[in-house]
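See below for the structure under consideration.
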Protein chains: 2
Amino acid sequence: MEKEITIYDLAKILALSPATVSRALNDHPAINAKTKVLIAEKAAELGYRSNTFASHLRTRKTNTLGVIVPRLNSNFMSTVLAGMEEVANNVGYNLLISQSLESEVKERANAKTMFNSRVDGLLVSVAYDTYSFGHFSTFISRNIPVLFFDRILTHPQCGAVIIDNEQAGYDATRHLLDQGCRRIMHVTGDLRRNVYGDRLEGFKRALAGQNLSLDNRLILSTDLSQEAGRAVAEQIDQMQEKPDGLFIANDLCAAICMQALKEKGYAIPGDVAIVGFNNDPVSQVVSPQLTTIFYPGYQMGKTAMTTMIGQLNGTRPIDHSEPIILRSELIIRRSSILLEKS
Amino acid sequence: MEKEITIYDLAKILALSPATVSRALNDHPAINAKTKVLIAEKAAELGYRSNTFASHLRTRKTNTLGVIVPRLNSNFMSTVLAGMEEVANNVGYNLLISQSLESEVKERANAKTMFNSRVDGLLVSVAYDTYSFGHFSTFISRNIPVLFFDRILTHPQCGAVIIDNEQAGYDATRHLLDQGCRRIMHVTGDLRRNVYGDRLEGFKRALAGQNLSLDNRLILSTDLSQEAGRAVAEQIDQMQEKPDGLFIANDLCAAICMQALKEKGYAIPGDVAIVGFNNDPVSQVVSPQLTTIFYPGYQMGKTAMTTMIGQLNGTRPIDHSEPIILRSELIIRRSSILLEKS
DNA sequence: GTGAAAGCGCTAACAC
DNA sequence: GTGTTAGCGCTTTCAC
C-alpha cells in the first residue's frame, strides 16, 4: 500500500506553501505559469491525486450529480443515461445513478441517499406511482437544483425536459386516421403520469379533428409490459366491434401485441394498423416494421445534463416556468401503411 | 438555505462531547444504550445528516463503487447494471457509473476519475479495444479491488464473473449441426476479446465433433452492429457456396441480418438457420423468433456486486485463480428449427 | 461510559 | 505572486 502524496508533500519538496500548490493545481490565475508547470510536473511524477473529500469538505461541492430513473434496463432510459454521462463526464461531473424500480417508496429512499451523499444536483424521471413531491423538497430547501426529465412532476422551482407528448399522441393518431382508420384503440399507461396523460390528450384532439366521438372502451390503461401486449391482443380478439387501428404507447408492448394478433390470424396492417412509441430497436426488426414515435433519448439526456450544469455554473439563465421541449417525430413504417402514397 | 446540523451542535445541545455523539451515531458498543437513544432522537428531530466527506476524510472509505461499462445503452449492460444497483443499494453502497464508449482511451480516463473519487472498488467490463492493464494497476497497488465481468482481462489479483462462452458457442453451433446444417458461418466480434474468442473455440469444437473442417471464410469478425448485420446478408447473397447455418454473436445484429436475408428472398430457417446471442428482447419479436443464448445479465450484475462487497467486507474468501462462471442456456426458437421433434 | 484533543487534506481569507 | 492560518466535520487514540 503506497503512501498518498498530499499538497504538503509537494509543497515541502518544492519549497513552496501548500496554498500555492493548491492554487496551482486548480489553475488559479494569480499563480505564475512557470510555478504551475513546476508543480504539475512534480505532481505527475509523484503520482499525486487530489483528495476529493478534503476538497469537498471545504468547498461544499461534490462534483457529483444524482440520477434517479424508474429502471436502468430499458432501452430508452439507458440511452438517456448515456447522453447524460457523456455531457457530465466531459465537464468533470460524476454520476451517482440509482433506480426506483417504479416504486415511490424506493424512489424516496434513493433521494435520501443522494441527499446524504451531498449531490450538487438531482435529475429524476419519476416512478410509476410517484405523486408526492415531499422527498424532493429537502433538496429545494437547501438550494440543490432538481430537474425532472421525461416523467415529470411540475413544480415552480424545478426544471423539466420532455417531449411534446400531446403532439406526439396527436401525430400518431392522426396518421392512423389519415390511413383510413375509424375505430382506433389506445393502449397506454397510468393516465396521471404526464407522458401518458398528454398522449391521450393528443389522441383525443386528433379524433375530435375528424369529428369522431371518443369511445372510452377503446382506451386501455395498462402497465405496458409484454404481458399487457399479449392481453390486449386477446381482448381485441374477443371484441365484437374490433378496432381497425391501434396506438400503443410503448414499442415492445406493441411488438408483442402485433405478434400475438398475427398468430391469431389478423393481418397487420390490413385488419389492424399499429403505431408504437419510442423507436426502440424492436420496432425495426418486427415484421411488419413498426410505425412509431422517435423519442430522442440521447438528446434528452444531453439536454437535461447541460441544463443542470448550466444552472450549477450560473452560466445559464434559469427559467422553470416552462419545460424544455424536445422534438419527437413520427416514423412511418409498414405496420400502419394502408394507403399507397399518391 | 438551512444551516447544516453537525455533531457539535448535537453535543452542545445535549451537553455531551462530540466524540460521544459520533460514537453513538455509529452504534459504538461502549456507549450507553440510553445515551444512544437520546442522541438518535435529537439527531432525527433536528434533521442531522452525517457529512460523508468529513467521515471519508478520516476513515478513507467512501462506500462508493465504480462501474465502467462499454456502453450504457445496451440491453445487456443495463440489465447487468440493474442487478448491480439492486445489491449495492441494499447494503448502502453507491454506484459511480461511467461508460468507455468502447474506447480504451476513455476507459483510461474513467478509471482515473474513479481513482480520484476514491472508489472502494471497481467493476469493469472492458472496451472493445482494451488490452493493456496499466490503468487498473494503480488500483491494485493501492489495494483497491478490481473485478471484471463479461468482457474481462485476466489478472492474478482480479476476480472475474463471466458465462462459459466456449460452451455457449459450442451449444449454439451444435444445435445448428443437429438441425442438419453443414456449412455454418460464424459472425462475431474482435477475437482477442474473451467473449468472442471463447465462443469461436466452442464453434470449432462443435465442428470438430462432427469431423467438419474449418473454413476460415466462414468466420467473420465484425463490430456486430446493425450495419454489420446488413453487410453480412449482402455478403451471403454474393457467395457462391452459401452457408446453411448462421451463428451471430449478437441478437440485434442477427435480427437485422435475418430481416435483410428475408428481403432478399431467403427462407429462414429453410435456406439459412440462424442462432443469435444474448436473449435480447428483439429475439422474441422478430419472425421467425430467434434462437439464442440466454445471457444472465441481471444475475451477472448481482453476482459481481455480491462478490465485490464480500471482498470488501472480508466476509468472503477471495480466490481469483478461477473466474466465477454463470450458467447460460440455449433457447431454441423458430429461426433454427429444421427438424420436427421426434 | 465519556471527554479532550489531534489531525485527515484541502481551500480561502487575509496578509505581504 | 506567494505565504500564513484557520477551519470544514468527523473519528480515534489516549486519558480518566
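Chain identifiers are assigned alphabetically (A, B, ...) following the order of the sequence lines, protein sequences preceding nucleic acid strands; residue numbering begins at 1 within each chain.
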Worked check of salt bridge (Lys or Arg N to Asp or Glu O under 4.0 Å) between B:Lys106 and A:Glu85:
CA-CA 12 Å; B:Lys106 185 132 197 288; A:Glu85 201 274 345; 3.6 Å; yes

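The interatomic distance linking A:Arg49 (CZ) with C:dG9 (P) rounds to 11 Å, in whole Å. Atom CD1 in B:Ile7 sits roughly 13 Å away from atom C1' in C:dG3 (whole-Å rounding). A straight line from CG of B:Leu57 to P of D:dT12 spans 12 Å, rounded to a whole angstrom. Computed from coordinates, the A:Asn63 CG to C:dT11 C1' distance equals 14 Å when rounded to whole Å. Rounded to a whole Å, the NE2 atom of A:His56 is 15 Å from the C1' atom of D:dG9. Separating the CZ atom of B:Arg60 from the P atom of D:dG9 is a distance of 20 Å, rounded to the nearest angstrom. Taking atom CD of residue B:Glu4 and atom P of nucleotide D:dG9, one finds them 8 Å apart after rounding to whole Å. If you take CG of A:Asp9 and P of C:dC8, they are 11 Å apart, rounded to a whole angstrom.
Remark: B:Lys12 NZ is loosely packed, at most 12 non-hydrogen atoms of other residues, nucleotides or ligands lying under 6.0 Å away.
Taking the side chain as every heavy atom from C-beta outward, B:Arg108 and B:Ser132 approach each other to under 4.5 Å.
Relative to the ring axis of B:Tyr128, B:Arg71 does not place its NZ or CZ within 45° and under 6.0 Å from the centre.
Between A:Arg58 and D:dG9, a side-chain N or O to OP1/OP2 separation shorter than 4.0 Å is absent. The side chain of A:Ser55 contributes an N or O atom lying less than 4.0 Å from OP1 or OP2 of C:dT11. Proximity of A:Thr6 to the phosphate of C:dC8: no side-chain N or O atom is located under 4.0 Å from OP1 or OP2. Taking side-chain N and O atoms only, B:Tyr8 has no distance below 4.0 Å to OP1 or OP2 of D:dG7.
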Sequence neighbours left out, cut at 3.5 Å: what donor-acceptor pairs do the side chains of residues 24-32 of chain A make with other protein atoms?
residue, atom, partner, partner atom, Å
A:Asn26, ND2, A:Ser22, O, 3.0
A:Asp27, OD1, A:Lys36, NZ, 3.1
A:Asn32, OD1, A:Lys34, N, 2.7

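The residue B:Thr35 sits close only to the backbone: its heavy atoms come under 4.0 Å of sugar-phosphate atoms, none of a base.
Heavy-atom distances under 4.0 Å link DNA chain C to A:Ala19, A:Ser22, A:Arg23, A:Asn26 of residues 11-30 of chain A, given in residue order.
Of the N and O atoms on the side chains of B:Ser100 and B:Ser103, not one donor lies less than 3.5 Å from an acceptor on the other residue. Side chain to side chain, B:Asn110 and B:Ser98 meet the donor-acceptor criterion of an N or O pair below 3.5 Å.
Looking at the side chain of B:Asn51, the nearest of the listed nucleotides D:dG9, C:dC8, C:dG1 is D:dG9.
End-to-end axis angle of the helix from C:dG1-D:dC16 to C:dC16-D:dG1, from C1' rotation axes over five pairs per end: 30° (rounded to 10 degrees).
Across A:Asn63, A:Leu65, A:Leu96, A:Thr113, a single residue satisfies side-chain contact (heavy atoms from CB on, under 4.5 Å) together with A:Val119, and that is A:Leu96.
A:Arg60 has no carboxylate O lying under 4.0 Å from a charged side-chain N of B:Glu4, or vice versa, which leaves the two without a salt bridge.
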